[in-house]
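First comes the structure, then the notes that go with it.
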Amino acid sequence: MKYLLFTISLLMTVAFRPLAAQIDSAHTAITIILTDDPERTGEAVEWLAAKQDSSTFRFIEAAVSNKLCNYKGEPVSMEENQQGPTYYLLYPEYRTLTIPATEKEEVTPVRLSRGDRLAFNAIMPLINLSSPDATVRLAAFQQLGNSRNPQSLDLLQQYAEKETDPEVKPTAQRAIHQLLLFAGDDAHQQASLNYFAGDKSAEALALLETYTMEESITEANRTKADKIMKEIRSKQRFIDIAQNLFSGLSLGSILIMVALGLSIIYGLAGIINMSHGEFIMIGAYTTYSLQQLFIAFLPQAWLDMAFFISLPVSFLVASLFGLLIERLVIRHLYNRPLESLLATWGVSLILIQLARNIFGDLTSVKSPAILSGGMEITDGLILPYNRLFIIGLTIIIFTLVYLLFQKTRLGIKIRAVTQNRNMSACVGISTKKIDMMTFMIGSGLAGIAGCAITLIGNVVPNMGQAYIVDSFLVVVTGGVGKLAGCVASGLGIGIFSKIFEAGFEAVYGKVLILILIIVFLQYKPKGLFPDKGRVGDD
């Protein structure tokens with residue numbers, strides 16, 4: 001009997017329970033969420049997420065970030081600041097809300113479950129379209145374009161028309177055409193194809209490749225897309241070639257700066273200086289140390305000047321190290337190539353370990369703000385300012401070295417000793433002094449190269465080892481002691497290295513360069529510009 005009475009009461013409860021209000025408006029859905037009804041909150045969340053009503057975006061954003069509160073049945077959010085909490089009404093309008101101090105306890109937080117927040121996350125890109133941060137808006141446009149969801153098209157077009165940032169607006173237009181290309185009718189697809197025909201970017205190529213795989217597109221559109229892709233690939237090949245040539249030019253510039261000093265030293269004294277790469281390292285660590293001094297003792301505004309001041313300072317420091325090594329080691333080894341090779345290799349190991357003990361294994365130099373970014377030649381082809389600076393610096397250094405050798409008494413004496421040491425000594429030239437000065441100049445040039453290399457890489461103790469072999473190849477290929485040969489071979493090796501690396505792996509590219517140099521030296525063993533100096537005669 002008692003089970004019968006329980007069954008009757010349960011049926012009456014269900015029968016007479018008031019029906020839940022049907023969700024037919026955003027206000028109803030928000031009210032359900034605020035009342036924290038666990039049975040219907042999920043339904044309300046799904047309704048708001050599907051509706052994509054921009055008037056509810058503030059409410060959804062607050063709910064996802066756990067800032068949603070209930071104040072007398074109204075949705076509000078609270079932001080903490082120095083003056084105290086600030087309250088904002090989230091719906092039906094967004095405005096600041098003044099809440100008396102006596103009623104602040106009535107503001108109760110509303111927390112959604114993780115599943116409900118994830119349901120809202122699906123439309124967060126739409127909400128981010130109104131973000132004050134241009135980076136957030138840019139990411140939102142990209143995400144919506146990739147989603148290919150036609151339901152987002154109307155809002156996407158509205159926010160694209162309002163967009164004013166010059167970097168974000170092109171992305172917004174691309175996102176619209178992405179949606180129209182996959183979800184629009186034939187006319188919209190034609191318009192989008194015309195848009196991407198003018199884009200010619202790698203992203204447009206990938207998009208069109210996916211588009212042509214769709215079975216629903218017309219043959220005319222497929223043919224047009226294939227033609228556009230062919231044009232984009234042609235442009236990409238041009239950009240790749242131009243980029244490789246520029247990278248080779250910048251690499252060649254570095255090799256020229258390093259090899260200039262090496263060529264002078266080798267041409268004058270016949271010294272195979274295996275420690276020449278460590279003068280690059282000395283110049284780089286001089287730049288790093290000077291920048292640290294600026295950071296410690298000078299205002300932040302002066303920091304960019306540290307690098308430019310480091311250029312002459314690196315030359316002086318590397319020159320002094322060169323003078324020290326020449327006086328202690330090198331001067332005893334002139335005309336003894338094998339002994340000089342072994343001795344300078346030992347000096348190289350000592351300098352590397354000394355730098356590792358002082359500075360550690362890895363440091364870096366902050367590039368000046370003026371050298372950040374690059375020059376945009378065309379879409380997809382950007383020439384970095386730091387590499388342009390290196391090329392310009394190489395031109396200046398080469399010009400100064402040329403003027404030194406051709407227009408000064410010191411340069412004439414160096415050339416004379418290089419060509420005939422005994423005759424130069426007979427006419428009163430101090431050959432030992434010239435040897436010392438030449439080694440200082442060559443070491444200083446490597447120091448400037450080390451300063452420049454900090455713009456494109458980290459500073460490590462053995463960084464000079466990456467350039468010393470290529471620098472010797474530049475010297476031998478161009479002709480011992482010849483400045484013109486140094487420039488020609490430096491640019492040639494740099495450019496061909498990048499071209500071969502693009503077609504093959506880096507290791508195989510290096511092997512091909514070595515093979516070409518070996519074959520070249522079989523026919524021209526004295527290099528591009530052979531010199532009849534003392535070393536050549538011996």
Checklist line | Ser310 OG to Leu316 CG distance, which is reported to the nearest 0.5 Å | finding: 11.5 Å

Margin query: According to side-chain contact (heavy atoms from CB on, under 4.5 Å), who are the partners of Leu249, at least two apart in sequence or on a separate chain?
Written below: Ile391, Leu491

Margin query: Tell me every residue that passes side-chain contact (heavy atoms from CB on, under 4.5 Å) with Asp226, counting only those two or more places apart in sequence or in another chain.
Written below: Thr212, Arg222, Met229

Is the count of non-hydrogen atoms from other residues, nucleotides or ligands lying under 6.0 Å from [X] atom [atom1] greater than 12?
{"X": "Phe496", "atom1": "CZ", "answer": "no"}
{"X": "Ile370", "atom1": "CD1", "answer": "no"}
{"X": "Met124", "atom1": "CE", "answer": "yes"}

Next item on the list: Answer yes or no for Lys162 and Tyr159: cation-pi contact, defined as NZ/CZ to six-membered ring centre under 6.0 Å and angle to ring axis within 45°.
Entry: yes

Check: Considering all heavy atoms of both residues, which atom of Pro461 and which atom of Gly360 are nearest to each other, and what is their separation?
Finding: CG-O, 3.4 Å

Note to self: I need the minimum non-hydrogen distance between Ala134 and Asp165, along with the two atoms involved.
What the structure shows: CB-OD2, 3.6 Å

Item checked: SB check Lys67 Glu79 (cutoff 4.0 Å) -> yes

Item checked: Side chains of Gln353 and Asn357, donor plus acceptor under 3.5 Å -> yes

Notebook entry, point to check: Does a side chain donor of either Ser348 or Gln465 reach within less than 3.5 Å of an acceptor in the other side chain?
Noted result: yes

Check: Between the side chain of His276 and the main-chain N/O of Val258, is any donor-acceptor distance below 3.5 Å?
Finding: yes

Next item on the list: Please state whether the rings of Tyr285 and Phe359 are parallel, tilted or perpendicular, taking 30° and 60° as the class boundaries.
Entry: parallel

Next item on the list: Classify the angle between the aromatic ring planes of Phe389 and Phe308 as parallel (below 30°), tilted (30 to 60°) or perpendicular (above 60°).
Entry: perpendicular

Next item on the list: Could you walk me through whether Leu255 and Tyr467 pass side chain to side chain contact (heavy atoms under 4.5 Å, CB included), step by step?
Entry: CA-CA 7 Å; Leu255 293 178; Tyr467 297 96; 4.2 Å; yes

Next item on the list: Taking salt bridge (Lys or Arg N to Asp or Glu O under 4.0 Å) as the test, write out the residues that go with Glu167, two or more places apart.
Entry: none

